[in-house]
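Quick notes on the structure that follows.
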Amino acid sequence: MKIGLFTDTHYCELEKLEQDRRPCRAYEAVKTAYDDFKKNGVSVAVCLGDIIHFNNGIDESVRHLEKISKLIKSYEIPTYLCMGNHDNEVLSSEDFKKMSGFKIAPCCDDFDDVRLVFIDASYTPDGKPFERVYVDWTKSFVPAEQLEWLDKMLDTDKKCCVFIHQNIDTTVEEHHIVFNAEQVNSVIAKHSNVSGVYQGHYHFGAESVFNGIPYTTLRAMCIGDEINYKIAEV
């Protein structure tokens, strides 16, 4: 099974942001990635969050979401999204789902002998869901009921991949790490059938191994002149 992966497009009309982010390039970058996904026969695509960037008001940000989701849907590749902090600044996950047509974390789907599990860490450390008026990119959390759900979803004979926007790789810069990352990793470590964990949020990317499981943090698509995405095979 082939999975197309990308993250942190931060799509809007701004020419440049800090960290050499170039949000206005995101539309063409996503098009390039999906052209390659289609060419290589990926089964599903996954955006690991921050597909849009709040700029110049909600209405404009919604228009950007409508435009980029229309492009993605034109490829007829099922697409999943783990809500990022910038996505949460624009819409709730339910409204995001309705408007984009993407499947939104938390969710789980099976493809023959492979199971894909998508986690939502868009919660404050006291377990309250992010709201448009309050999102802190440095503080994210996976609530207890979702940890229980994750444990159940991974309890299968199928090979599993886990996806999340924020980082449970505890080796990256600390502000990007989920508040209870160690708990999440403990749940994942119980299951020898997990073949990989994929994350966004930390724009520079990273590769680590925890409990014998590869953890990949994708480099942000919006950085510099390169077009960052990945095709993973399970």
Side-chain angles (χ1 to χ4, degrees), residues 1-9 30 33-34 36-51 65 68-84 87-88 91-123 129 140 142-168 178 184-185 187-201 213-218 229-234:
M1 177 184 183
K2 293 181 180 179
I3 305 167
L5 297 160
F6 67 103
T7 193
D8 292 87
T9 52
V30 168
Y34 270 80
D36 204 23
F37 294 166
K38 195 76 171 180
K39 177 182 175 182
N40 283 278
V42 304
S43 300
V44 301
V46 179
C47 177
L48 291 161
D50 285 352
I51 194 168
L65 175 59
I68 204 161
S69 59
K70 182 179 179 180
L71 169 69
I72 288 171
K73 284 185 286 190
S74 73
Y75 287 87
E76 298 183 333
I77 298 172
T79 297
Y80 295 77
L81 173 78
C82 297
M83 292 283 287
D87 303 322
N88 279 287
L91 292 170
S92 69
S93 59
E94 275 303 309
D95 288 339
F96 221 92
K97 181 179 180 180
K98 291 174 185 175
M99 187 164 295
S100 69
F102 305 150
K103 292 192 175 183
I104 305 292
C107 62
C108 173
D109 269 336
D110 292 342
F111 299 85
D112 296 325
D113 62 345
V114 176
R115 174 169 288 181
L116 307 183
V117 184
F118 302 85
I119 304 174
D120 181 15
S122 298
Y123 293 82
S140 56
V142 179
E145 59 270 23
Q146 197 174 153
L147 288 176
E148 293 175 8
W149 170 84
L150 174 64
D151 195 18
K152 291 177 182 177
M153 294 303 99
L154 298 179
D155 187 14
T156 175
D157 293 332
K158 298 177 184 290
K159 291 180 182 178
C160 293
C161 295
V162 176
F163 307 87
I164 186 171
H165 173 65
Q166 295 90 346
N167 296 92
I168 51 176
V178 172
V184 184
N185 289 330
V187 171
I188 293 171
K190 291 168 57 179
H191 302 277
S192 60
N193 56 334
V194 177
S195 64
V197 175
Y198 299 93
Q199 307 146 106
H201 200 42
I213 301 169
Y215 281 51
T216 300
T217 302
L218 271 74
Y229 62 93
K230 180 182 180 68
I231 297 177
E233 195 159 356
V234 185

inquiry  = Would you say NZ of K152 has more than 12 non-hydrogen atoms from neighbouring residues, nucleotides or ligands within 6.0 angstrom?
reply    = no
message = Please check: side-chain N/O of D8 versus main-chain N/O of G200, any donor-acceptor pairing under 3.5 Å?
response = no
key: I77 backbone acceptor or donor facing T79 side chain under 3.5 Å   = yes
ask   = Any idea which heavy atoms bring P78 and S43 closest together, and the distance?
value = CD-O, 3.5 Å
Step-by-step side-chain contact (heavy atoms from CB on, under 4.5 Å) determination, Y198 to T7 = CA-CA 10 Å; Y198 299 93; T7 193; over 6 Å; no
key: Check: I119 and V178 side chains under 4.5 Å, non-hydrogen atoms   = no
ask   = Where is the tightest heavy-atom contact between L65 and I51, given as atom of each residue plus distance?
value = CD1-CG2, 4.4 Å
key: Crowding at NZ, K38 (>12 non-hydrogen neighbours, <6.0 Å)   = yes
ask   = Heavy-atom distance under 4.5 Å between the side chains of C161 and V234, does that happen here?
value = yes
query = Between T216 and L5, is a side-chain contact (heavy atoms from CB on, under 4.5 Å) present by the stated rule, with each step listed?
reply = CA-CA 11 Å; T216 300; L5 297 160; over 6 Å; no
ask   = What is the minimum heavy-atom distance between Y123 and Q146, and which atoms define it?
value = CE1-NE2, 3.9 Å
inquiry  = Donor-acceptor pair, distance only, cut-off 3.5 Å: does the side chain of D87 make one with the backbone of D50?
reply    = yes
message = Taking D110's backbone N and O only, do any of them form a donor-acceptor pair with K158's side chain (distance below 3.5 Å, no angle check)?
response = no
Any side-chain heavy-atom pair of L154 and R115 under 4.5 Å = no
task = Would you indicate whether the side-chain heavy atoms of L81 and K97 approach each other to under 4.5 Å?
result = no
task = Find the distance between OG (S195) and CD (E233) and round it off to the nearest 0.5 Å.
result = 11.5 Å
task = For the residue pair Y80 and F118, categorise the inter-ring angle as parallel (less than 30°), tilted (30 to 60°) or perpendicular (more than 60°).
result = parallel
ask   = Which is it for K103 and V44 under the side-chain contact (heavy atoms from CB on, under 4.5 Å) test, yes or no, and what are the steps along the way?
value = CA-CA 11 Å; K103 292 192 175 183; V44 301; over 6 Å; no
note = Closest non-hydrogen contact found for M83 with S122 is O-OG, 3.4 Å
ask   = Atom OG1 of T217 and atom CG of N167: how far apart are they, to the nearest 0.5 Å?
value = 4.5 Å
remark   = Here the gap from S140 atom OG to I164 atom CD1, rounded to the nearest 0.5 Å, amounts to 7.0 Å
Evaluation steps, side-chain contact (heavy atoms from CB on, under 4.5 Å), between F111 and I3 = CA-CA 11 Å; F111 299 85; I3 305 167; over 6 Å; no
task = Of all the heavy-atom pairs spanning H165 and G49, show the shortest one and how long it is.
result = ND1-CA, 3.5 Å
task = Applying side-chain hydrogen bond (donor to acceptor under 3.5 Å, both in side chains), run through D120 and S93 and close with a yes or a no.
result = CA-CA 10 Å; D120 181 15; S93 59; 5.3 Å; no
message = Within the 4.5 Å heavy-atom criterion, are V187 and W149 side-chain neighbours or not?
response = no
request  = Check whether any side-chain heavy atom of Y75 sits under 4.5 Å from a side-chain heavy atom of V42, and report yes or no.
outcome  = no
note = Rounded to the nearest 0.5 angstrom, the CG-CE distance for D155 and M153 is 9.0 Å
inquiry  = Determine whether a donor-acceptor pair (N or O, by modelled atom type, separation under 3.5 Å) exists between the side chain of Q199 and the backbone of I168.
reply    = yes
